Amino acid sequence: MNAKGILTGVLLVFVIASFGYMLIQEQSESEPVETVQAEQTTENPDNSNHVLVYYFHGNVRCQTCQKIEAYGEEAVQTAFAEALSSGEIQWKVVNVEESGNSHFIDDFELTNKTIVVAKPGETPKWKKLDRVWELVGDKSAFLAYIQDEVRTFAGENS
């Protein structure tokens, strides 16, 4: 066997080992996280002025999914601390695979893990923030995107 063949074999073993390591890392970091069961957007019509910011996920969660949740929560907490305290804005993490939460898949036409901003009331409105997947690599753009969408739903100017 020549040097080129040996090098090719070593590189192939390295690639396979790297891929295996990546899978093990991904699996160990995707442990299920306990979440609270969230309310439906049509509930509580008396308080139609509040805004719900949901992060929807399933039982299996990758690093990117966890980053989307963390950035989403940070975006809401840093820009809307007072509104969170008063209940005008609520951050909710929902595992759609837990008992009683599967209705959210139909309610919000969920096809992936994402953030949804919703405003309940007689005529509930909501918006999936699917750009989170595009922006997760740019934290400042991600935070601005979430905050702008929440402001729109909350009726704030700016």
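Index from 1, following the sequence. Computed from a predicted model, the values in this text were never measured in an experiment.
Ring pair Tyr71/Phe142 is perpendicular by interplanar angle, where above 60° counts as perpendicular and below 30° as parallel.
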Inset, instruction - Let me see the working for Val93 and His57 under side chain to side chain contact (heavy atoms under 4.5 Å, CB included), right down to the final yes or no. - result: CA-CA 8 Å; Val93 177; His57 66 87; 3.6 Å; yes
Inset, instruction - Start with the C-alpha gap between Lys128 and Glu109, add the side-chain angles, then the distance that decides, and say whether salt bridge (charged side-chain N to carboxylate O under 4.0 Å, His left out) holds. - result: CA-CA 9 Å; Lys128 281 193 298 185; Glu109 301 169 8; 5.3 Å; no
Legend entry - From CA spacing to verdict: side chain to side chain contact (heavy atoms under 4.5 Å, CB included), Val51, Glu88: CA-CA 6 Å; Val51 174; Glu88 290 175 52; over 6 Å; no
Inset, instruction - Please lay out, stage by stage, how Phe80 and Ser85 fare under the test side chain to side chain contact (heavy atoms under 4.5 Å, CB included). - result: CA-CA 9 Å; Phe80 307 104; Ser85 305; over 6 Å; no
Inset, instruction - I would like to know whether Thr78 and Leu143 meet side chain to side chain contact (heavy atoms under 4.5 Å, CB included); could you show each step before the answer? - result: CA-CA 9 Å; Thr78 58; Leu143 297 178; 5.6 Å; no
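Between Tyr54 and Trp126, every side-chain heavy-atom pair lies at or beyond the 4.5 Å cut-off. With a 4.5 Å cut-off on side-chain heavy atoms, Val116 and Leu110 count as touching. Looking at Gln77 and Leu84, their side chains come closer than 4.5 Å, going by heavy atoms from C-beta outward. For the pair Ile68/Lys113, no side-chain contact is recorded, criterion being any heavy-atom separation below 4.5 Å from C-beta on. Residues Trp91 and Tyr55 are in side-chain contact: their nearest non-hydrogen atoms beyond the backbone lie under 4.5 Å apart. Contact of the Ile105 side chain with the Phe56 side chain is not registered, since no non-hydrogen atoms from C-beta on lie closer than 4.5 Å. You'll find the side chain of Ile146 reaches within 4.5 Å of the side chain of Val132, heavy atoms only.
Between His50 and Gly87 the shortest heavy-atom distance is CB-O, 3.5 Å. When all heavy atoms of Arg151 and Ala79 are compared, the pair lying nearest together is NH2-CB, 4.0 Å. Nearest heavy atoms, Thr114 versus Leu129: OG1-O, 3.4 Å.
Judged purely by distance below 3.5 Å, without hydrogens or angles, the side chains of Asn95 and Asn59 pair a donor atom with an acceptor atom. Ser140 and Asp138 share a donor-acceptor pair across their side chains, judged by distance under 3.5 Å alone.
Note that the CD1 atom of Ile115 and the NZ atom of Lys92 stand 15.0 Å from one another [nearest 0.5 Å]. Distance OH/Tyr145 to CD/Glu134: 8.0 Å, rounded to 0.5 Å. Atom CG in Asn112 sits 7.0 Å away from atom SG in Cys65 (nearest 0.5 Å). Atom CZ of Arg61 is separated from atom CD of Glu69 by 4.0 Å, given to the nearest 0.5 angstrom.
A donor-acceptor pair under 3.5 Å is formed between the side chain of Gln147 and the backbone N or O of Ala75. Side chain of Lys119 to main chain of Phe153: a donor-acceptor pair is present (N/O by atom type, distance under 3.5 Å, no hydrogens or angles).
Using a 4.0 Å cut-off between charged nitrogen and carboxylate oxygen, Glu74 and Lys139 count as a salt-bridge pair.
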